[in-house]
Visitor: 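A single structure is presented below for examination.
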Protein chains: 2
Amino acid sequence: MQAIVAPQPDGAQELALVERPVPRPGPGEVLVEVAAAGVNRPDILQRRGLYPPPPGAPDILGLEIAGKVVAVGSGAEDLIGRRVCALVAGGGYAEYCVAPAGTCLPVRDGLCLVEAAAMPETLFTVWVNLFERGFAADGDWVLVHGGTSGIGTMAIALGAQFGLHVIVTCGSDEKCRRAIELGAAAAINYRTRDFVEEVKRATGGSGVSVVLDMVGGDYVPRNLACMADEGRHVSIAFQRGAKCEIPIKDVMQRRLMLTGSTLRPRSIEYKTMVADALRRTVWPLVESGRLKPVIDSSFPLTRAAEAHARMEKGEHVGKIVLEVGLRSHS
Amino acid sequence: MQAIVAPQPDGAQELALVERPVPRPGPGEVLVEVAAAGVNRPDILQRRGLYPPPPGAPDILGLEIAGKVVAVGSGAEDLIGRRVCALVAGGGYAEYCVAPAGTCLPVRDGLCLVEAAAMPETLFTVWVNLFERGFAADGDWVLVHGGTSGIGTMAIALGAQFGLHVIVTCGSDEKCRRAIELGAAAAINYRTRDFVEEVKRATGGSGVSVVLDMVGGDYVPRNLACMADEGRHVSIAFQRGAKCEIPIKDVMQRRLMLTGSTLRPRSIEYKTMVADALRRTVWPLVESGRLKPVIDSSFPLTRAAEAHARMEKGEHVGKIVLEVGLRSHS
C-alpha cells in the first residue's frame, strides 16, 4: 500500500511516499480501507522530528481516518463492512490503517467521508478538554485561541450545540469575520487588539469560565487575567513556549484552576471511554447534520506535502484533509 | 476592653495594647468573651502592613478564638451562654470578639479552650484545601511543607483520621522527628535533602496525589516534580515568591492540576458551609479526643509580641496561643 512517512531514516524532514505492507488488525482492532485522513498540527511536529509516535504506533503519519472496515480482529466482528471514522495513534496517511474498534464512530450512508475524517482528533480533544477537564457548562463563556483552526472551529461548533458562549482569537479581521459566521460569540484580532481587554469587554467585565489554550508561554498569565473567579485553564499545546509564569496570588484569590492533557499517548481503554461518551452525546448531532466540521481544503494523499505547507502558512480556515481512496467509496 | 492592634495609625509595626469599646453583635452574630486566641502567620503579615483586614473586619488582629458567648444578635439566640470556638475575619486578640454564629463550633465541657482556640484557622484551611480543592481521598499520599507549623501539624492530624499518608518537610532533624511522632508517614529535612528525590523514594517512585503548598516561588515546579499523574497542587500562601514558573508539557502529559484559595475574604455563607461540614465530619473526632491540635506554647494577651517573635523565629512546633480571659472560664 502507499503511505506517507517522515522524518525519514536519513533524518530528512520532507514527507515521503513509500510502499508498505498492508497492516493486520489484532484482537479488538479493525483494518480500515482509508477514504480520507485528517491533517493535524501534531503531524507537522512529527514530520519535523519533534513529536515521535508513541510506543507501538506506526511511523506513518496521521491521527484520524474515515473509510470502510475490510478486515477485523477477534472481538471486532460486528464492524466488518461498516463505514467508520476513527481516532488512531498513527498510520492515517495510508491506503489502509488499523484502528482500535473502540475509537471507531459509525458513518451512516449519506455522511461525507471527508467530513467524517476531519472530526475525530478535534472532537475528542475539544470534548475532553473543554467539558471533562474544563467543566464547561451550559451558559459558560469560554475563550479559545486560534478560532479558525481545526480545534477552534470544532470548539465553536460544539459550543454552539452545548450552550457555550465561545470567544475566539484570530490573526486577521477576515478570520474573525469567518469565526463569527461559524457561531463564535466574539472574535478578537490578536494582532490589532489586546485580547485581555476585549474578553473583559465581551463578558461585561466578568471574564470567562474556561480557557482552552494551545499557545502557552506568555499567553498563560494573560489568559488567567481573562478568567472569572473559579475559572479553569486547560492547556493542550504550547506553540509559544513550554514554560509559563503564573501569579500564585491570583490563583488563590480567584480560585483559578490550571490543568491540561494529551490525547495520543493515552490508553485505548481511555479513548474508548471518550468515544462511548461522544457516541451518546455528540454523534446524534453529527448524524442529523446539526454538527459539521469546517473543511478548508482537501489534497490527494500523494500531495500531502502541499497540505502541510498550507497548514504551516496558517491561512486555512477549518480542517485540511487528505483524500486517499475516496473514489472507491463513492 | 483590651485589644492588640498593628500597624498603628503612625505606621509603627510593633503590636500595641489599646483600649477599645466592646463590640456589639449584629444579626446572625455572637459576642464571645474570649478565653484564648490562636496566633497565625497571616497575623504577622498584617502587623507588618502586608495583609490588611478585609472590608468590614476590625483592625484588631486575630483570626480564631475560643470562649463563652455572652451576647447574641437576632437569629443566634440558641448560642447564648455556650462555649464555642470560631473562625473570625479579625478581632481575636481582644477580651471580646464578635463572631458569625455560622462559624462557631461547640466546645463541650472538659475540652480545653486553649486547644479549641488553636483549631479553627488551620482546620478550615486544611479541610478546604486538602479535601475540597485537592480532592484528597483515603489512601492518597500527600505532601505538606512546614510539617511542624500549625498548618503542618493539623494536616498530619487530619490526614491520620482520614487515611492519608502525609509526607512533610521540616527545617531540622529534630522537627522531622517530632513530625513522625505526630503521625507523618515521612518527614524530610529540606536543608539537608532534596525533597523531590525523597518524596519519590517514600512513594516508591509514584509520587503524591496532592501537594498543599504555602511556599510558592521556586518550590512550585519542584512540587510538581513530586506529583503522580492527575496530581493536584493547592496553593495557600507564597512565602518564597508570589510568582512561579510551570512546565506546561508536564501539566499536560501528567494531567496535573494547580489551584489554590484564600479563606479570610470569603463570604460568611461560605465559611458557614465549611463549618457545617466540619461539624458533621471532624468535630465528633475532636469531641471524642481523637483529633487534638498540637500546642507549642501560650502567652498572655499582653505579651502578644513575644508570641509573634516566637513564630517569626520559626522554632515552634504546632500552635502558639494567646491566653486572654482564660481564668474567668475555668
Side-chain angles (χ1 to χ4, degrees), chain A residues 42 45 50-52 54 125 128-129 132-135 145 211-221 223-225 227 229-267 270 274, chain B residues 42 45 50-52 54 125 128-129 132-135 145 211-221 223-225 227 229-267 270 274:
Chain A
L45 297 178
L50 301 173
Y51 190 57
T125 299
V128 164
N129 289 290
E132 293 189 359
R133 295 202 79 75
F135 306 107
H145 296 295
V211 177
L212 183 64
D213 183 68
M214 65 292 283
V215 184
D218 61 342
Y219 262 43
V220 176
N223 291 339
L224 297 182
M227 283 161 63
D229 285 1
E230 307 264 5
R232 289 82 68 189
H233 185 281
V234 187
S235 294
I236 57 170
F238 38 83
Q239 294 169 13
R240 278 168 77 105
K243 301 209 173 219
C244 64
E245 190 179 84
I246 65 166
I248 302 172
K249 196 174 179 180
D250 277 6
V251 169
M252 287 169 51
Q253 286 181 333
R254 299 195 284 125
R255 301 179 301 285
L256 306 178
M257 195 261 270
L258 293 94
T259 187
S261 74
T262 57
L263 180 58
R264 195 180 187 186
R266 303 296 300 275
S267 68
Y270 174 75
V274 176
Chain B
L45 297 178
L50 302 172
Y51 189 57
T125 299
V128 164
N129 290 289
E132 292 189 1
R133 296 202 77 76
F135 306 107
H145 295 296
V211 177
L212 183 64
D213 184 68
M214 65 291 285
V215 184
D218 61 342
Y219 261 43
V220 176
N223 291 338
L224 297 182
M227 282 162 63
D229 286 359
E230 307 264 6
R232 288 83 67 189
H233 186 280
V234 187
S235 294
I236 57 171
F238 37 84
Q239 294 168 10
R240 276 168 78 103
K243 300 209 173 221
C244 65
E245 190 181 81
I246 65 166
I248 302 172
K249 196 174 179 180
D250 278 6
V251 170
M252 288 169 51
Q253 287 182 333
R254 300 195 283 125
R255 300 179 300 285
L256 306 177
M257 195 262 268
L258 293 95
T259 188
S261 74
T262 56
L263 180 58
R264 194 180 188 186
R266 303 296 299 274
S267 68
Y270 174 77
V274 176

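First the proteins, then the strands, lettered A, B, ... as listed; each starts at 1. Quick caveat: nothing in here was measured; it's all calculated off a predicted structure.
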Visitor: Between A:Gly134 and A:Arg232, which heavy-atom pair has the shortest distance, and what is it?
Guide: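 Heavy-atom minimum between the residues: O-NE, 2.8 Å.
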Visitor: For chain B, which candidate among A:Gly241, A:Cys244, A:Pro265 shows the most heavy-atom pairs at distances under 4.5 Å?
Guide: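 Of the options given, most contacts go to A:Cys244.
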Visitor: Using every non-hydrogen atom in the two residues, find where A:Arg264 and A:Pro54 come nearest and quote the distance to one decimal.
Guide: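 Closest approach of A:Arg264 to A:Pro54: NE-CD, 3.5 Å.
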Visitor: How many angstroms lie between atom CG of A:Leu212 and atom CG of A:Asn129, to the nearest 0.5 angstrom?
Guide: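 Those atoms lie 6.0 Å apart.
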Visitor: Can you list, pair by pair, the side-chain donor-acceptor contacts under 3.5 Å of residues 251-259 of chain A, counting residues two or more places apart and other chains?
Guide:
{"unit_1": "A:Arg254", "atom_1": "NH1", "unit_2": "A:Met227", "atom_2": "O", "d": "2.3"}
{"unit_1": "A:Arg254", "atom_1": "NH2", "unit_2": "A:Leu224", "atom_2": "O", "d": "2.9"}
{"unit_1": "A:Arg255", "atom_1": "NE", "unit_2": "A:Glu230", "atom_2": "OE2", "d": "2.8"}
{"unit_1": "A:Thr259", "atom_1": "OG1", "unit_2": "A:Arg133", "atom_2": "NE", "d": "3.4"}
{"unit_1": "A:Thr259", "atom_1": "OG1", "unit_2": "A:Arg133", "atom_2": "NH2", "d": "3.1"}
{"unit_1": "A:Thr259", "atom_1": "OG1", "unit_2": "B:Leu256", "atom_2": "O", "d": "2.6"}

Visitor: Using a cut-off of under 4.5 Å for heavy-atom pairs, which of B:Gly217, B:Pro247, B:Ala242 has the most such pairs with chain A?
Guide: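 Sorted descending by pairs with chain A, the first entry is B:Ala242.
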Visitor: Using non-hydrogen atoms and a 4.5 Å limit, figure out which bit of A:Val220 sits close to chain B: side chain, backbone, both or neither.
Guide: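 Answer is side chain: those atoms of A:Val220 sit under 4.5 Å from chain B.
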